[in-house]
Amino acid sequence: MPGGLLWYGLGQKIFGPNLLVARLQSFGVGLLVFWVSFKLAAGWVNKKAGVISLMLLSLAPVISLYYSIGIPQSLAALMLTVGFYWLWQRK
């Protein structure tokens with residue numbers, strides 16, 4: 001998926017070569033994954049299920065660390081969750 005590399009390259013182009021920029025971009029993507037997951041669970045079941053899914057995602061250290069490093073897989077996870085949310089909204 002070259003789009004993920006282009007996403008991080010855009011941040012480096014705008015703010016200069018810095019690892020912190022890539023980490024902040026990945027952190028923002030991770031926050032979006034958490035938010036879309038909450039909205040998806042809240043829409044499918046109820047708001048309590050959304051809060052439970054958000055708690056499970058935030059309490060799993062592997063997931064939090066996975067979305068905080070500068071790799072394009074977090075962007076792929078965001079696209080998958082947004083895709084599921086978009087499909088659910090179309091029904």
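Residue numbers start at 1 and run along the sequence shown. Here the structure is a predicted model, which means the values were calculated and not measured.
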Single-linkage hydrophobic cluster, 4.5 Å side-chain cutoff, L80 and L32 together:
no
Pairwise distance CG(L40) to CH2(W88) - rounded to 0.5 angstrom
7.5 Å
Can you tell me if Y8 and Q12 form a side-chain donor-acceptor pair at under 3.5 Å?
no
Could you tell me which residues satisfy side-chain contact (heavy atoms from CB on, under 4.5 Å) with S53, sequence neighbours excluded, listed by chain and number?
A41
Is F15 isolated, or which residues cluster with it under the ILVMFWY side-chain rule of less than 4.5 Å, directly or via members?
L10, I14, V21
W35: which residues meet the side-chain contact (heavy atoms from CB on, under 4.5 Å) condition with it, sequence neighbours left out?
K39
Can you name the residues that form a ring-ring contact (aromatic ring centres under 6.0 Å, His included) with F38, not counting sequence neighbours?
none
Taking the hydrophobic residues Ile, Leu, Val, Met, Phe, Trp and Tyr, and joining any pair whose side-chain heavy atoms are under 4.5 Å apart, which ones share a cluster with L24?
L20
Taking ILVMFWY side chains as joined if any heavy atoms are under 4.5 angstrom apart, and letting links pass through other members, which residues group with L6?
none
Just jot down the side-chain contact (heavy atoms from CB on, under 4.5 Å) partners of I52, sequence neighbours excluded, or say none.
K48, L56
For V82, check side-chain contact (heavy atoms from CB on, under 4.5 Å) against everything at least two apart and list the hits.
V36, L78
Donor-acceptor contact present, side-chain S26 to main-chain A22, <3.5 Å:
no
